[in-house]
Number of protein chains: 2
Amino acid sequence: MPSMKDVAQIAGVSVSTVSRVINNSIPVDKRTRLRVEKAIRKLHYKPNLLAKGLRMRSGGIIGLVVPEIIHQTFVNFIHYVEEQIVDHGFDLILGNTNEDPEKEERFIDSLIRRNVDGIIFSRVSDQSRVFKILEKTNIPVVVVDRFLEKEHIPSIVLNNYKAGILAGSHLMSLDHKNIACITGPLNIALCRERLKGFKTILSENGILLPSGFIYEGDFKFESGIYAIKKFLSDGIKITSIWAQNDMMAIGALKELNKNHIRVPGDISLIGMDNISSSEMVTPSLTTIIQPFQEMCQKAVQVILNHIHKKEITLNRIVLEPSLIIRESTRPLKR
Amino acid sequence: MPSMKDVAQIAGVSVSTVSRVINNSIPVDKRTRLRVEKAIRKLHYKPNLLAKGLRMRSGGIIGLVVPEIIHQTFVNFIHYVEEQIVDHGFDLILGNTNEDPEKEERFIDSLIRRNVDGIIFSRVSDQSRVFKILEKTNIPVVVVDRFLEKEHIPSIVLNNYKAGILAGSHLMSLDHKNIACITGPLNIALCRERLKGFKTILSENGILLPSGFIYEGDFKFESGIYAIKKFLSDGIKITSIWAQNDMMAIGALKELNKNHIRVPGDISLIGMDNISSSEMVTPSLTTIIQPFQEMCQKAVQVILNHIHKKEITLNRIVLEPSLIIRESTRPLKR
DNA sequence: TTGTAAGCGTTATCAT
DNA sequence: ATGATAACGCTTACAA
């Protein structure tokens with residue numbers, strides 16, 4: 001690979017001049033600029049990014065930390081973050097922590113040592129020790145899909161409370177009164193928020209959500225299956241269910257099918273996330289959409305603002321979910 | 001961030017000694033080594049990777065090029081490649097080309113300028129100009145899921161012909177004789193291979209696959225829907241279908257459901273890829289498994305071999321598909 | 001407008 | 001066994 005030196009030699013100038021031409025930082029004489037550009041073309045010269053990054057203390061890289069790769073939510077984050085990032089001339093280093101604090105720490109470490117320009121986390125735990133490490137680096141950081149109570153770190157979150165409201169309202173608008181909920185892990189705040197919104201809107205309309213009507217799952221397909229098994233063996237009478245993500249909703253659908261309970265004929269079903277399978281299954285799922293693309297846009301924006309020393313976002317940015325009605329919900333027949 | 005200089009100062013040695021301790025390249029006196037290590041711990045010192053990469057002409061990075069991110073096949077590649085790579089101490093830079101040659105070129109360019117240690121492609125086109133560029137760099141390169149005819153670049157591919165054989169054999173073992181196929185884009189070699197295997201095994205058993213029984217799709221959900229619409233409007237009589245990926249199979253399933261054609265009651269259905277939805281739908285899909293993990297392992301292995309100057313793989317490595325039987329196929333009733 | 005030279009944080013060569 | 005020193009390829013005062 002040719003270096004600036006080579007270009008300088010061919011153009012008959014010094015390396016600083018070449019640098020100036022490339023970054024057009026300082027005015028350069030038209031004629032010499034032309035000579036330099038010609039040399040650059042001739043050699044197919046491209047500045048080395050490590051040298052540049054080393055010198056500028058800025059690697060031209062954004063790190064994205066996900067707790068899992070094979071999971072549509074994070075695939076969305078990866079997709080949209082990549083899209084945003086390359087648009088702004090950065091490269092993306094992807095790291096999967098597998099929820100392992102040690103892997104997480106190693107990855108963050110590596111990012112710091114690469115002079116990254118920013119780090120985007122999706123769904124870290126409050127406990128995560130990495131924030132302590134990052135505090136002393138002034139590397140721009142943002143958390144997506146999770147609000148950290150204690151830390152003063154900007155986060156982009158969904159209005160999960162509202163999601164619960166949307167699900168509940170829709171079901172009630174269809175006249176359902178016997179309603180169940182399959183939640184995600186309740187040690188995750190966003191699951192509690194969703195449930196809270198759901199409960200609130202129901203109770204405001206005089207509908208109770210007994211604890212037996214709530215099944216705590218883990219966001220996986222199997223949870224949906226177990227939930228239905230539980231509901232069935234408990235013999236509770238319900239006409240509708242909200243599952244806090246599509247995966248569990250589809251699990252529920254599968255188990256309902258197996259027991260010859262029709263959706264939406266006997267039971268209306270709502271999911272959340274709008275994963276691709278949600279419109280592929282029969283019946284297609286009524287679900288709640290998270291604006292993933294917008295979340296990632298905001299996340300990258302927060303980083304860029306920080307880099308350019310504009311307003312540093314210290315609070316949270318809240319985005320709104322929306323309902324998409326498909327085939328799995330219908331008015332209660334009397 | 002502290003540098004070697006800081007460590008050296010505290011330990012009262014020169015930077016070279018610090019470097020030696022870290023890389024234990026050359027023997028260092030036990031006592032000085034201890035002093036240095038203490039200083040390192042005290043400062044939480046970690047070598048800067050850009051400086052190291054610049055000096056060593058090796059960035060400690062592997063680039064992964066995918067044509068698309070939101071697509072289970074590539075999600076698999078991303079997942080397994082990441083897994084492999086960090087195991088070997090590299091970081092992963094991910095680039096999505098969106099099938100756009102210009103984006104592809106920019107990405108490769110960026111990788112080269114970062115002194116990457118290897119590049120893994122998934123499914124590039126034969127036309128791709130980047131290989132010309134890469135030829136002069138002697139950066140290890142490997143292609144997954146695609147065999148490049150012309151170039152002498154190692155590739156990891158599936159035995160797609162065999163996949164066709166597996167699908168056909170399974171259907172015939174269930175006594176099916178009226179068989180249709182929904183293919184991927186036939187300008188992609190692997191689709192032609194799959195079809196060829198399928199046709200071959202059928203004809204060896206005296207079963208014809210008339211052109212009207214073949215629908216050329218594009219691997220997307222909608223293709224499955226259109227295929228069924230076409231078969232139905234053409235009025236062809238079939239009892240089983242192989243779709244060359246699960247996405248299209250699920251589309252077909254959806255459209256069959258809509259037309260009250262039962263799977264597997266009226267029609268047996270096979271997919272390919274074993275995407276997560278394939279066991280979530282009802283009936284769960286009989287499908288063909290690609291050993292994605294193994295493919296990625298081999299890919300990384302090829303890169304590592306090249307790096308360590310061991311045997312440089314110049315040929316293709318072929319891996320075998322396997323059949324997993326679930327609910328969507330059953331013996332033909334007479 | 002241009003060149004010289006120092007510095008970013010390493011590793012590697014050559015002395016000592 | 002250890003230390004200077006050059007070099008990796010770039011940017012940026014400072015000089016000219």
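Numbers restart at 1 for each chain; the letters A, B, ... are given by sequence-line order, proteins then strands.
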Contacts of B:R33 and A:K46 projected onto DNA chain D by closest heavy atom; the upstream (5') one is B:R33
Nearest whole Å is fine: how far is [N] [atom2] from [X] [atom1]?
{"X": "A:I26", "N": "D:dA15", "atom1": "CD1", "atom2": "C1'", "result": "13 Å"}
{"X": "A:M4", "N": "C:dG3", "atom1": "CE", "atom2": "P", "result": "13 Å"}
{"X": "B:D6", "N": "C:dG9", "atom1": "CG", "atom2": "C1'", "result": "10 Å"}
{"X": "A:N23", "N": "D:dT12", "atom1": "CG", "atom2": "P", "result": "7 Å"}
{"X": "A:I22", "N": "D:dT11", "atom1": "CD1", "atom2": "P", "result": "7 Å"}
{"X": "B:R35", "N": "D:dA1", "atom1": "CZ", "atom2": "P", "result": "15 Å"}
{"X": "B:R114", "N": "D:dC10", "atom1": "CZ", "atom2": "C1'", "result": "14 Å"}
{"X": "B:L54", "N": "C:dG7", "atom1": "CG", "atom2": "P", "result": "17 Å"}

Answer yes if the side chains of [X] and [Y] hold a donor-acceptor pair under 3.5 Å, and no otherwise.
{"X": "B:Q301", "Y": "B:Q84", "result": "no"}
{"X": "B:Q72", "Y": "B:D273", "result": "no"}
{"X": "B:D91", "Y": "A:S110", "result": "yes"}

Item to complete: With heavy atoms under 4.0 Å as the rule, sort B:T32 into base, sugar-phosphate or nothing.
Response: sugar-phosphate
Between the base of C:dG9 and the side chain of A:R57, is there a donor-acceptor distance below 3.5 Å? no
Would you state whether a donor and an acceptor, one from the side chain of B:R55 and one from the base of C:dA12, lie under 3.5 Å apart? no
Closest listed nucleotide, where the reference is the side chain of [X] and the choices are [options]:
{"X": "A:K5", "options": "D:dC8, C:dT11, C:dT1", "result": "D:dC8"}
{"X": "A:M56", "options": "D:dT11, C:dT11, D:dG9", "result": "D:dT11"}
{"X": "B:R20", "options": "D:dC10, C:dG9, D:dA4", "result": "D:dA4"}
{"X": "A:K52", "options": "C:dT1, D:dT5, D:dC10", "result": "D:dC10"}
{"X": "B:V13", "options": "D:dG3, D:dC10, C:dG9", "result": "D:dG3"}
{"X": "B:S3", "options": "C:dG9, D:dC10, C:dT1", "result": "C:dG9"}

Do any side-chain nitrogens or oxygens of [X] fall under 4.0 Å of OP1 or OP2 in [N]?
{"X": "A:S19", "N": "D:dT11", "value": "yes"}
{"X": "A:S16", "N": "C:dG3", "value": "no"}
{"X": "B:N48", "N": "C:dC8", "value": "no"}

Ion pair present between A:R33 and A:E37, side-chain N to carboxylate O less than 4.0 angstrom? yes
Judged by nearest nucleotide, the residue sitting upstream toward the 5' end of DNA chain C, A:V15 or A:P27, is A:P27
In this structure, CE of A:M295 is separated from OG of A:S122 (nearest 0.5 Å) by 9.5 Å
Could you label the plane-to-plane angle of the B:F77 and B:F292 rings as parallel, tilted or perpendicular, counting under 30° as parallel and over 60° as perpendicular? perpendicular
